[in-house]
Novice: 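Quick one: the structure is below, and I'll ask about it shortly.
Note that the structure is predicted; figures quoted are calculated from it, not measured. Residue numbers start from 1 in every chain, and the chains themselves are labelled A, B, ... in the order their sequence lines are given, proteins ahead of strands.
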Amino acid sequence: MAPARLATSLLGTLRAASTRPAIAWRQRCLYHSYDYAQPPPFPPAESAILSCAYAHVPSHGFTIDTLKLGARDAGYLDVSTNLLPRGVFDLVNYHLVTQRLALQNNVQFPEEGEQGNKMGVGAKVRKLTLARLRANEAIIHRWQEALAIMAQPTYVPVSFAELARLADEIWFLSGDQSVDSSWYTKRATLSAIYSSTEMYMTQDKSANFVDTEQFLDNRLQDLIKVGGFVGGLGEWLNYTGHSTINLLRSKGARI
Amino acid sequence: MGESRCFSCSVRQAQQQTPPPKSPQGRPQTTHFGFETISEALKEQRVGAVFSSVASSYDSMNDFMSLGIHRLWKDHFVRNLNPGRNPLTSSSSQEQGWNILDIAGGTGDIAFRMLDHASTINHDAHTKVTVADINPEMLTEGKKRALQTPYARSPRLKFVEANAEKLDMIPSNSIDLYTVAFGIRNFTHKEAALKEAFRVLKPGGVFACLEFSKVNNPLFDAVYQRWSFGAIPLIGQLVAGDRDSYQYLVESIARFPSQTEFSDMIKDAGFLVPGKGYEDLTNGIAAIHKGVKPAEKSL
Ligand SMILES: C[S@@+](CC[C@H](N)C(=O)[O-])C[C@H]1O[C@@H](n2cnc3c(N)ncnc32)[C@H](O)[C@@H]1O
């Protein structure tokens with residue numbers, strides 16, 4: 001897939017979202033209203049198979065074999081993996097969705113107002129983004145397989161949409177409640193920073209991923225310095241676009 | 001036994017809600033044969049006659065109906081189900097191979113593909129297919145074709161004459177994968193067939209159906225209707241000398257429920273369906289429907 005194509009589909013996703021900002025915003029609010037338990041993101045049988053399969057990802061990767069092992073563990077058969085219409089992509093999606101939803105409980109901020117150690121929105125965004133990246137630790141050595149699956153043309157739009165949802169979640173949990181036009185800029189920029197850092201992390205060999213943490217901080221610094229939407233987007237495409245294509249090429253795809 | 005009799009009663013009741021036939025009162029149960037309304041017993045006979053008369057020209061018929069792409073659909077159908085148990089990646093203590101039942105399998109088309117896929121893609125030399133068809137002539141054609149494959153005299157391939165609505169010779173909870181390709185629209189009681197499928201499948205087993213369906217693009221639909229109603233019976237006449245059989249086939253396709261209706265029937269039979277329940281092929285000329293029999297744990 002050419003980078004131009006990636007760019008078009010990303011812009012397509014953004015544009016589609018921007019035609020219904022009011023609805024999107026309202027859903028966001030409903031979705032985040034703390035009074036209601038969230039509906040389970042997957043139906044029970046799918047959930048059972050996927051959660052069992054997820055435990056096999058570190059050893060067997062994002063593969064059909066992992067799904068079959070999960071099906072067996074959940075009391076199903078190899079053939080029952082047909083319950084997942086998108087196959088291994090459903091497992092990738094499971095990781096993305098469950099880790100996004102887990103952020104809310106995994107990250108706590110110190111009580112505000114005590115001894116003036118109130119965290120700013122920026123610091124919260126950093127903390128949340130880092131927490132989400134750390135949720136990849138157990139499977140990071142397998143994450144390039146997942147990225148290659150997400151880069152398949154059929155799954156690119158869904159993958160971008162999920163990335164946007166993650167950015168929304170992080171901004172929301174950080175307490176940024178603005179409904180102005182900067183919302184789309186923020187979403188796009190954070191999406192870009194998140195995915196380039198994640199790509200960096202797949203190649204990071206440093207102890208406890210300190211290099212990844214540094215990489216994230218540098219990107220956030222750039223954001224503050226340059227602050228531009230277009231800048232962030234361009235860099236994201238350069239980095240992720242190229243690495244994904246190189247990865248696919250290394251797997252023998254003719255692109 | 002008693003249970004299945006009772007079920008077919010309820011199916012009959014359901015069928016009475018379709019527009020009443022113009023025949024005199026007090027007549028036996030009726031059903032559809034293409035667009036004609038006829039008695040149920042007669043339908044079984046007439047369907048039999050259609051397939052007896054097209055058994056040998058069968059491939060050309062499928063080619064006309066599918067604009068030549070039924071082979072690709074079948075390839076996709078089988079590849080996507082990914083039959084077979086790879087000995088390299090699965091623990092050896094488990095049972096070996098899948099037990100597949102191919103209903104209305106007539107010419108063996110699906111069965112050979114399943115066995116090929118299991119053997120070459122999954123290195124599985126144990127997966128078995130039972131081909132069941134109501135029509136002995138189709139089975140004869142299938143056995144003849146099997147001679148050209150490595151499976152002819154192996155225990156991996158079996159042919160049985162059976163009505164999909166009453167699979168008494170197949171034990172309950174014994175099948176991993178039940179397939180039916182271009183067959184179900186010919187069944188007199190589709191609900192009864194679904195119920196039998198549910199019974200014979202193991203918990204976690206999969207029902208998979210490939211069938212002509214409803215074209216979802218209005219313009220393309222108009223063109224396809226013209227083609228199927230106008231040209232196919234005529235070609236049937238020219239190629240196979242049998243206009244009526246081909247007319248029936250075209251009409252039976254047009255009568256078959258839409259994708260969502262059929263998916264609801266699958267759910268009503270007790271299956272879980274993946275995603276929206278079906279996948280359209282070539283604009284909905286055909287569709288693949290799947291259902292998974294729930295395992296105990298998730299009931
Ligand atoms: C169009 S052919 C499909 C053959 C093959 N599955 C394929 O895809 O090429 C339909 C088959 O359904 C069989 N059939 C019709 N009614 C049936 C029933 N009630 N039970 C089992 N088979 C039936 C016919 O005998 C015929 O062989």
Side-chain angles (χ1 to χ4, degrees), chain A residues 39-94 96-97 142 145 149 152-155 157-159 161-162, chain B residues 77-91 93-101 114 118 121-122 124 127 173-179 201-209 263 267 271-280 288-299:
Chain A
F42 304 97
E46 281 89 328
S47 228
I49 294 177
L50 286 168
S51 61
C52 290
Y54 191 58
H56 293 281
V57 171
S59 50
H60 292 79
F62 289 91
T63 61
I64 182 72
D65 292 332
T66 298
L67 288 180
K68 288 181 181 174
L69 289 168
R72 290 263 160 189
D73 291 353
Y76 278 82
L77 308 170
D78 286 2
V79 70
S80 316
T81 52
N82 274 284
L83 192 55
L84 308 166
R86 300 175 295 183
V88 182
F89 181 77
D90 281 318
L91 185 58
V92 175
N93 187 56
Y94 179 82
L96 296 173
V97 173
R142 295 293 192 168
E145 294 167 15
I149 294 164
Q152 288 171 17
T154 359
Y155 301 134
V158 212
S159 305
E162 178 53 36
Chain B
F77 182 61
V78 169
R79 204 178 318 120
N80 192 257
L81 288 164
N82 190 17
R85 199 166 159 67
N86 193 332
L88 302 175
T89 53
S90 33
S91 53
S93 61
Q94 306 279 359
E95 70 210 77
Q96 296 174 311
W98 291 13
N99 198 7
I100 302 175
L101 178 62
M114 290 283 179
I121 308 289
N122 286 323
D124 167 347
T127 284
N173 305 315
S174 65
I175 302 292
D176 290 88
L177 173 61
Y178 172 118
T179 53
L201 282 167
K202 297 175 186 171
V206 168
F207 165 87
C209 169
S263 179
K267 283 187 224 160
F271 290 101
L272 306 168
V273 304
K276 66 180 173 162
Y278 61 89
E279 176 194 359
D280 279 329
I288 292 173
H289 281 80
K290 286 181 190 169
V292 179
K293 179 168 170 173
E296 308 298 339
K297 276 193 201 171
S298 66
L299 273 174

Novice: Considering only heavy atoms, which portion of A/N82 lies under 4.5 Å from any heavy atom of chain B: side chain, backbone, both, or neither?
Specialist: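 Its backbone and side chain both get close to chain B.
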Novice: Restricting to non-hydrogen atoms, name the atom on B/A295 and the atom on A/G75 that form the minimum distance, rounded to 0.1 Å.
Specialist: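 Shortest heavy-atom contact: CB-O, 3.4 Å.
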Novice: Heavy-atom cut-off 4.5 Å, strictly under: side chain, backbone, both or neither for A/I64 against chain B?
Specialist: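 Answer is side chain: those atoms of A/I64 sit under 4.5 Å from chain B.
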Novice: Hey, what do you get for CG (A/L77) to CG (B/N99), rounding to the nearest 0.5 Å?
Specialist: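 A/L77 atom CG to B/N99 atom CG measures 11.0 Å (nearest 0.5 Å).
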Novice: Got a second to check how far B/N82's CG is from A/D78's CG, nearest 0.5 Å?
Specialist: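 Here the rounded value is 9.0 Å.
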Novice: Which region of B/K276, side chain (C-beta onward) or backbone (N, CA, C, O), has a non-hydrogen atom less than 4.5 Å from a non-hydrogen atom of chain A, or is it both or neither?
Specialist: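 Neither part; nothing is under 4.5 Å.
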Novice: Report which part of B/V206 has an atom under 4.5 Å of a heavy atom belonging to chain A: side chain, backbone, both, or neither.
Specialist: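 It is both, since atoms from each part get that close.
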Novice: Mind listing the closest non-hydrogen atom pair of B/G205 and A/V79 along with its distance?
Specialist: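 Closest approach of B/G205 to A/V79: CA-CG1, 4.0 Å.
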